[in-house]
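This is a predicted model, so every value here is computed, not measured.
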Amino acid sequence: QVQLVESGGGLVQAGGSLRLSCAASGSILSIDAMGWYRQAPGKQRELVAIITKGGSTNYVDSVKGRFTISRDNAKNMVYLQMNSLKPEDTAVYYCNKVPRGGSWGQGTQVTVSS
């Protein structure tokens, strides 16, 4: 199984930016789609960004124009550039396959203050 480790979260003010990183223990070349998920307190986990191995992307409407997902297959890394952050973006962020497979990593906390 490919193990995924997220990093890069933190505390920022509204309007700020963060770049999240996801390091895979194995090759992601054969994984058709990787995604970033998030779960806020009291809410269900949601898929917010998807990227295929060919580089095609899709986003949930609430983050379109603000978040950019990317992947480096050679380095087995997936990234999420988060700009113009809003308090509603506060959540624990996870990366995983799409559809989800294996176990969740520890996630990385993103907190956006008003």
**Q** Could I get the full list of side chain to side chain donor-acceptor pair (under 3.5 Å) partners for N73, not counting sequence neighbours?
**A** R71
**Q** If the threshold is 4.0 Å, N to carboxylate O, is there a salt bridge linking K64 and D61?
**A** yes
**Q** Please check if the side chain of T111 supplies one atom and the backbone of T90 the other of a donor-acceptor pair under 3.5 Å.
**A** no
**Q** Would you list the pairs meeting side chain to side chain donor-acceptor pair (under 3.5 Å) in which at least one residue belongs to residues 10-30, sequence neighbours left out?
**A** S17-N83
**Q** Please tell me if the side chains of M82 and V12 come closer than 4.5 Å, counting only heavy atoms from C-beta onward.
**A** no
**Q** Once rounded to the nearest 0.5 Å, what's the spacing between atom CG of L85 and atom CZ of F67?
**A** 5.5 Å
**Q** Nearest heavy-atom pair of A33 and I50: which atoms, and what distance?
**A** CB-CG2, 4.0 Å
**Q** Show me the pairs that pass ring pair (Phe, Tyr, Trp, His ring centres under 6.0 Å) and involve residues 69-114, at least two apart or across chains.
**A** Y37-W104, Y94-W104
**Q** Between CG of D89 and CG of L18, what distance do you get to the nearest 0.5 Å?
**A** 10.0 Å
**Q** Mind checking the SG-CG spacing from C22 to L80? Nearest 0.5 Å is all I need.
**A** 10.5 Å
**Q** Would you say the side chain of R38 lies within less than 4.5 Å of the side chain of E46, judging by non-hydrogen atoms?
**A** yes
**Q** For residues W36 and V92: do they belong to one hydrophobic cluster (side chain heavy atoms under 4.5 Å, members Ile, Leu, Val, Met, Phe, Trp, Tyr)?
**A** no
**Q** Under the 3.5 angstrom rule, does the side chain of Q106 hit a backbone N or O of E6 as a donor-acceptor pair?
**A** yes
**Q** What's the shortest heavy-atom distance between A40 and A91, and which atoms?
**A** N-CB, 3.8 Å
**Q** Heavy-atom distance under 4.5 Å between the side chains of M34 and K97, does that happen here?
**A** yes
**Q** Could you go step by step and tell me if I69 and V78 meet the side-chain contact (heavy atoms from CB on, under 4.5 Å) rule?
**A** CA-CA 7 Å; I69 187 172; V78 185; 4.1 Å; yes
**Q** Applying the side chain to side chain contact (heavy atoms under 4.5 Å, CB included) criterion to L47, which one of V98, V60, N96 satisfies it?
**A** V98
